[in-house]
Amino acid sequence: MTEIKLTIGYDEYEDGQKMETLIAELAEKPEAAQLSSLIIGSWGGAYEDSSESIVAELVRQKDRFPALRSLFVGDMDYEECEVSWIMQSNLNPLFAAFPELRSLTIKGSTDLALGEVRHAKLEELIIICGGLGKSVLASIAAAELPALKKLELYIGVDNYGFDGGIEDVMSVAKPGLFPNLTYLGLKDSEIQDEIAVAIAQSDILDNLETLDLSDGTLSDEGAEALLASEKIRRLPQLDLHYHFMSEAMTRRVATELPNADVSDRQETEKYDGEEYRYPALTE
């Protein structure tokens with residue numbers, strides 16, 4: 001497997017370096033034909049320049065990357081650009097441009113659009129963000145991805161882009177929507193309890209190997225729904241790490257659901273009589 005990461009530092013960006021130039025230069029190199037994994041890191045000004053021109057250049061050079069199987073658009077840490085500041089765009093053209101793609105990872109949801117998603121061979125779709133818009137969820141819910149095995153979505157919070165409700169989240173978890181799905185991640189959510197309650201008895205669990213509800217605000221309420229589900233008990237893996245369950249509930253879940261990861265317990269913050277819980281990734 002040949003993997004290359006392209007990234008532009010702030011100083012390079014200030015000097016006029018462009019990600020589309022790096023992509024064009026890579027396309028001219030002999031190793032482009034064997035490249036199986038391409039990671040698009042920081043494009044220097046991701047907080048003000050969207051990924052639109054990057055997507056356009058990838059599509060323009062698509063024939064130079066015949067072996068590409070994995071693509072990551074937006075792989076940057078918070079020192080390069082906070083996730084909520086990353087300016088994305090309409091990534092729909094990538095699906096048609098790379099019909100052999102198996103994995104697509106997207107970081108950042110500002111101005112992100114997927115459009116009508118159709119891809120015969122994509123096995124993995126991951127969106128990392130502090131708030132996922134309901135329009136993106138709707139695109140996924142209407143997608144034709146017959147080969148999809150892993151769907152991992154950071155749902156996030158309304159302050160950073162999540163503008164939907166539990167119905168929008170659960171629309172991507174309809175039984176039979178992705179017949180080969182074995183890993184479902186509905187994580188990093190401020191409504192993690194609602195998600196737990198909604199999915200605990202869903203028939204989608206019958207075919208999953210892993211349910212990932214980690215990094216969110218899961219509390220004892222959601223945990224009770226999971227414990228009451230025989231479908232959950234039969235799951236090979238249940239990821240609940242980073243949660244707000246009480247110590248007693250954490251011990252109970254660990255005992256009754258040995259398939260569950262209950263590490264990284266968080267404490268609820270209390271201020272002026274109000275309780276506050278925050279997902280792991282927001283801004």
Side-chain angles (χ1 to χ4, degrees), residues 103 105 123-132 137 140 148-157 162 164-270 275-282:
S103 174
T105 301
E123 297 177 357
E124 181 178 82
L125 177 61
I126 301 170
I127 304 179
I128 305 165
C129 64
L132 194 59
L137 288 167
I140 297 171
L148 196 69
K149 296 178 181 178
K150 178 176 182 177
L151 178 63
E152 182 177 0
L153 303 177
Y154 285 61
I155 305 302
V157 301
F162 175 61
I166 186 62
E167 297 84 4
D168 300 289
V169 176
M170 294 306 296
S171 70
V172 305
K174 296 190 293 286
L177 177 60
F178 306 118
N180 288 299
L181 198 69
T182 58
Y183 177 112
L184 176 62
L186 301 175
K187 57 192 291 185
D188 192 59
S189 177
E190 62 184 346
I191 59 168
Q192 206 70 62
D193 281 338
E194 291 184 60
I195 295 172
V197 170
I199 205 166
Q201 303 296 336
S202 173
D203 289 341
I204 197 173
L205 299 174
D206 295 340
N207 297 317
L208 292 184
E209 295 175 4
T210 300
L211 175 64
D212 185 353
L213 303 179
S214 66
D215 287 335
T217 60
L218 185 76
S219 71
D220 289 10
E221 178 186 351
E224 287 283 6
L226 298 174
L227 286 166
S229 169
E230 288 300 320
K231 293 177 181 290
I232 290 290
R233 292 176 181 271
R234 291 195 296 266
L235 266 179
Q237 289 186 304
L238 175 63
D239 191 347
L240 304 178
H241 85 269
Y242 187 100
H243 59 86
F244 290 83
M245 293 184 289
S246 64
E247 290 186 4
M249 179 59 78
T250 301
R251 290 193 296 269
R252 183 183 167 196
V253 172
T255 299
E256 296 188 32
L257 299 176
N259 57 343
D261 178 354
V262 294
S263 62
D264 200 12
R265 192 180 76 85
Q266 305 293 306
E267 292 286 352
T268 299
E269 296 181 19
K270 298 180 181 180
E275 294 188 350
Y276 298 91
R277 304 194 301 271
Y278 306 99
L281 182 66
T282 54

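Since this is a predicted model, take the numbers as computed values, not measurements.
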Reported CD-to-OH distance for the pair Glu269 and Tyr278, which is rounded to 0.5 angstrom: 5.5 Å
Non-hydrogen atoms of Asp188 and Cys129 that approach each other most closely: OD2-O, 3.5 Å
Verdict with reasoning, Glu256 to Arg233, per side-chain contact (heavy atoms from CB on, under 4.5 Å): CA-CA 8 Å; Glu256 296 188 32; Arg233 292 176 181 271; 2.8 Å; yes
Glu247/Arg252 salt bridge by N-O under 4.0 Å criterion: no
Smallest separation among heavy atoms of Asp220 and Met245, with atom names: OD1-CA, 3.3 Å
List the atom pairs, with distances to 0.1 Å, where a side-chain N or O of residues 196-206 and a protein N or O form a donor-acceptor pair under 3.5 Å, not counting sequence neighbours.
unit_1	atom_1	unit_2	atom_2	d
Ser202	OG	Ile204	N	3.1
Asp203	OD1	Lys231	NZ	3.2
Asp206	OD1	Lys231	NZ	2.9
Asp206	OD2	Lys231	NZ	3.2

Gap separating the OG atom of Ser214 from the CD atom of Glu152, nearest 0.5 angstrom: 7.0 Å
Partners meeting side chain to side chain contact (heavy atoms under 4.5 Å, CB included) with Asn259 (sequence neighbours left out): Leu235, Leu238, Leu257
Closest approach of Val169 to Val172 (non-hydrogen atoms, all atoms of both residues): O-CG2, 3.1 Å
Check against side chain to side chain donor-acceptor pair (under 3.5 Å), Gln237 and Asp239: CA-CA 6 Å; Gln237 289 186 304; Asp239 191 347; over 6 Å; no
Any donor-acceptor N/O pair, His241 side chain to Asp215 backbone, under 3.5 Å: no
Leu226 and Leu240, any side-chain heavy atoms less than 4.5 Å apart: yes
Basic-acidic side-chain contact under 4.0 Å: Glu123, Lys150: no
Contact summary for Ile155 and Phe162, nearest pair of heavy atoms: O-CB, 3.5 Å
Where Phe178 and Leu151 come nearest, the two heavy atoms and their spacing: CE1-CD2, 4.0 Å
Approximate separation, where rounding is to 0.5 Å, of Ile195 CD1 and Lys187 NZ: 12.0 Å
ring-ring contact (aromatic ring centres under 6.0 Å, His included) partners for Tyr242, two or more places apart: Phe244
Separation of Leu213 CG from Ser189 OG (nearest 0.5 Å): 9.5 Å
Pairwise distance CD(Glu190) to CZ(Arg277) - rounded to 0.5 angstrom: 10.5 Å
